[in-house]
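Contents: one structure, followed by commentary.
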Amino acid sequence: MNPKFARRMIRFQESDLTPILRLAANPEVISFAGGLPAPELFPVEPLKKVAARVLDEHGKRALQYSTTEGHLPLREKIAARTNKNLKTSLGAENIVITTGSQQSLDILAKMYIDDGDCILCESPTYLGALSAFNACQPTYREVDTDGEGMVIADLEKALAEEKRAKLIYVIPDFQNPSGKTWSLERRKAFMETVSQHDILVVEDNPYGELRFEGTTPPSLKSMDTKGQVVVLGTFSKIFCPGLRVAWVCGEPSFLESFCNLKQAADLHTSTLSQYEIDAFLSEYDIEEHVRKLVSVYRERRDIMIRTMDEAFPAEVTFTRPEGGLFTWAEMPEKISGRDLFMTALEKKVAFVPGGAFYPNGGHENTMRLNYSNMPPEKIVEGIRRLGEALREAL
């Protein structure tokens with residue numbers, strides 16, 4: 001059979017990055033490639049008890065179809081935590097549960113993007129978001145981004161020039177892939193600028209609670225006076241990604257349309273997973289669990305940055321994130337991240353070549369490194385091996 005795929009499938013052919021990242025899955029490889037939490041920190045024993053209790057007490061409901069919006073007690077708890085963490089004023093009516101943040105990105109693209117519409121994004125930006133958006137065949141305008149966030153002058157230029165701009169996608173806290181966090185001043189300037197335009201802002205916040213130092217600046221949503229900012233949150237980075245439970249925060253009128261598309265996609269997110277998380281939040285202290293994550297990830301970040309200082313050539317620069325899961329390195333232009341990956345793989349160490357995070361190409365002399373998943377001794381050994389590969393490439 002020779003299937004006649006839709007045109008959109010052109011963007012879903014196997015990337016040249018796919019086979020090399022498949023090689024990184026070899027258990028003999030020290031991998032800094034994935035954005036994976038530390039599996040040893042998953043609360044397995046508490047979840048065993050929670051799962052049994054949910055099935056004993058709520059089995060007939062937890063195993064049944066549910067509402068598209070999601071389990072109301074869980075939505076109430078998410079709204080309360082969001083208000084505390086993001087300085088917002090939300091209720092359960094502002095929350096819809098999704099099957100991972102990836103589903104939120106997919107639905108948002110379907111809601112707003114027609115073929116050829118423009119998405120504004122940071123430069124670089126999250127590869128997974130690009131994958132979700134690509135089905136709707138947008139164009140991308142990369143807005144200049146520095147250590148404080150989107151450069152406002154370039155944002156204003158993009159908004160003036162891109163007549164089909166429909167959506168701005170940003171990760172202001174511990175950005176994937178760069179690890180950078182927007183300053184308060186840049187957030188204020190960004191919101192002042194976008195409020196003058198009829199455009200949706202998607203504030204993706206999967207890592208915001210994983211802060212190692214400093215103070216948390218207000219979210220973009222907390223400065224939103226027009227209802228144009230929607231916030232994405234998830235339990236994947238602060239709890240268990242395998243449960244596939246996340247959420248989108250927005251105005252009720254927006255969420256009504258969002259739910260229509262979600263219902264067409266999956267009817268609802270796993271009822272059982274929602275009941276289990278709700279029970280865990282009621283019976284255990286998730287704030288203490290997050291503090292444990294922060295303690296471990298802070299140590300691993302410190303070890304990775306310290307070893308990079310020692311092992312990397314002086315010509316290589318990298319970010320020093322205040323939280324999250326990633327650091328980002330820039331190399332001399334003559335070094336290709338993809339070529340370096342193959343050299344590093346021979347030394348049994350892996351990372352993600354950075355060019356994939358730029359929707360319009362270029363910037364191949366970059367790489368993303370994850371520090372949350374590997375134990376300290378492997379971080380040290382892996383970074384030393386990568387340092388050797390870098391010196392060979394110079």
Side-chain angles (χ1 to χ4, degrees), residues 1-21 35 96 98-145 150 154-155 157-171 175-177 194 197-204 206 228-232 234 246 248 250 254-266 338 352-364 366 368:
M1 180 180 176
N2 185 22
K4 294 180 173 61
F5 290 129
R7 288 192 301 274
R8 70 179 64 90
M9 288 301 294
I10 293 173
R11 295 202 183 192
F12 290 90
Q13 304 303 313
E14 183 174 78
S15 163
D16 62 343
L17 198 61
T18 302
I20 64 175
L21 290 180
V96 168
T98 62
T99 306
S101 287
Q102 197 69 12
Q103 183 182 55
S104 298
L105 296 168
D106 175 72
I107 292 175
L108 287 166
K110 291 175 181 175
M111 284 180 69
Y112 284 90
I113 303 301
D114 291 314
D115 290 7
D117 283 344
C118 183
I119 295 175
L120 308 187
C121 62
E122 295 162 284
S123 183
T125 192
Y126 173 45
L127 177 59
L130 300 178
S131 297
F133 297 154
N134 278 343
C136 295
Q137 303 183 79
T139 63
Y140 295 98
R141 174 71 174 257
E142 297 176 40
V143 179
D144 289 345
T145 308
M150 274 189 170
D154 199 48
L155 174 62
K157 182 181 179 183
L159 288 167
E161 293 177 352
E162 300 294 344
K163 303 306 180 185
R164 295 185 63 182
K166 290 278 198 72
L167 184 155
I168 306 176
Y169 173 73
V170 293
I171 311 173
Q175 197 238 17
N176 183 354
V194 300
H197 297 266
D198 186 19
I199 190 167
L200 182 78
V201 176
V202 179
E203 180 179 14
D204 201 354
Q228 72 184 123
V229 178
V230 298
V231 183
L232 310 186
T234 181
V248 57
F254 157 83
L255 292 177
E256 182 178 354
S257 296
F258 185 95
C259 279
N260 289 339
L261 283 170
K262 176 174 169 58
Q263 189 173 63
D266 70 351
R338 295 169 194 261
V352 181
F357 296 93
Y358 294 89
N360 298 318
H363 307 275
E364 293 292 341
T366 55
R368 190 192 74 177

Can you tell me if Asp204 uses its side chain to pair, donor with acceptor, with the backbone of Ile171 under 3.5 Å?
no
Pairing residues for Thr366 by the side chain to side chain donor-acceptor pair (under 3.5 Å) criterion, not counting sequence neighbours
none
Does any part of the side chain of Val202, heavy atoms only, come nearer than 4.5 Å to the side chain of Ile168, both counted from C-beta?
no
List in chain and number order the residues that pass side chain to side chain donor-acceptor pair (under 3.5 Å) with Glu162, two or more places apart in sequence or in another chain; answer none if no residue qualifies.
Arg141
With sequence neighbours excluded, what pairs up with Asn176 under the side chain to side chain donor-acceptor pair (under 3.5 Å) test?
Tyr207, Arg368
State which residues pass salt bridge (charged side-chain N to carboxylate O under 4.0 Å, His left out) with Asp266; sequence neighbours excluded, sorted by chain then number.
Lys262
Set of residues satisfying ring-ring contact (aromatic ring centres under 6.0 Å, His included) with respect to Tyr126, sequence neighbours excluded:
none
Going from CG on Leu105 to OH on Tyr169, what distance comes out if it is rounded to the nearest 0.5 angstrom?
5.0 Å
Sequence-distant partners of Lys166, salt bridge (charged side-chain N to carboxylate O under 4.0 Å, His left out), two or more places apart
Asp114, Asp117
Look at the side chain of Thr145 and the backbone N and O of Val143, then say whether any donor-acceptor pair between them is shorter than 3.5 Å.
yes
Could you list all the salt bridge (Lys or Arg N to Asp or Glu O under 4.0 Å) pairs where at least one residue sits in residues 121-139, not counting sequence neighbours?
none
Not counting sequence neighbours, which residues clear salt bridge (charged side-chain N to carboxylate O under 4.0 Å, His left out) with Glu364? List them please.
Arg338
From Cys136 atom SG to Ile119 atom CD1, the distance as rounded to the nearest 0.5 Å:
7.5 Å
With Tyr112 via ring-ring contact (aromatic ring centres under 6.0 Å, His included) - residues at least two apart:
none
Using only heavy-atom distances, determine whether the side chains of Ser104 and Thr98 contain a donor-acceptor pair under 3.5 Å.
yes
Taken in chain and number order and not counting sequence neighbours, the residues that satisfy side chain to side chain donor-acceptor pair (under 3.5 Å) with Ser101 are none
Taking the ring centre of each residue, are Tyr140 and Tyr358 less than 6.0 Å apart?
no
Side chain to side chain contact (heavy atoms under 4.5 Å, CB included) involving Gln263 - partner list, sequence neighbours excluded
Thr68, Leu267
Nearest heavy atoms of Met111 and Ser257, plus distance in Å:
CE-CB, 3.8 Å
Listed by chain and number, what are the salt bridge (charged side-chain N to carboxylate O under 4.0 Å, His left out) partners of Asp198, not counting sequence neighbours?
none
Side chains of Glu142 and Thr125 in contact at under 4.5 Å (non-hydrogen atoms):
no
Using atom types as modelled and distance alone, determine if a side-chain donor or acceptor of Gln102 lies under 3.5 Å from a backbone N or O of Ala129.
no
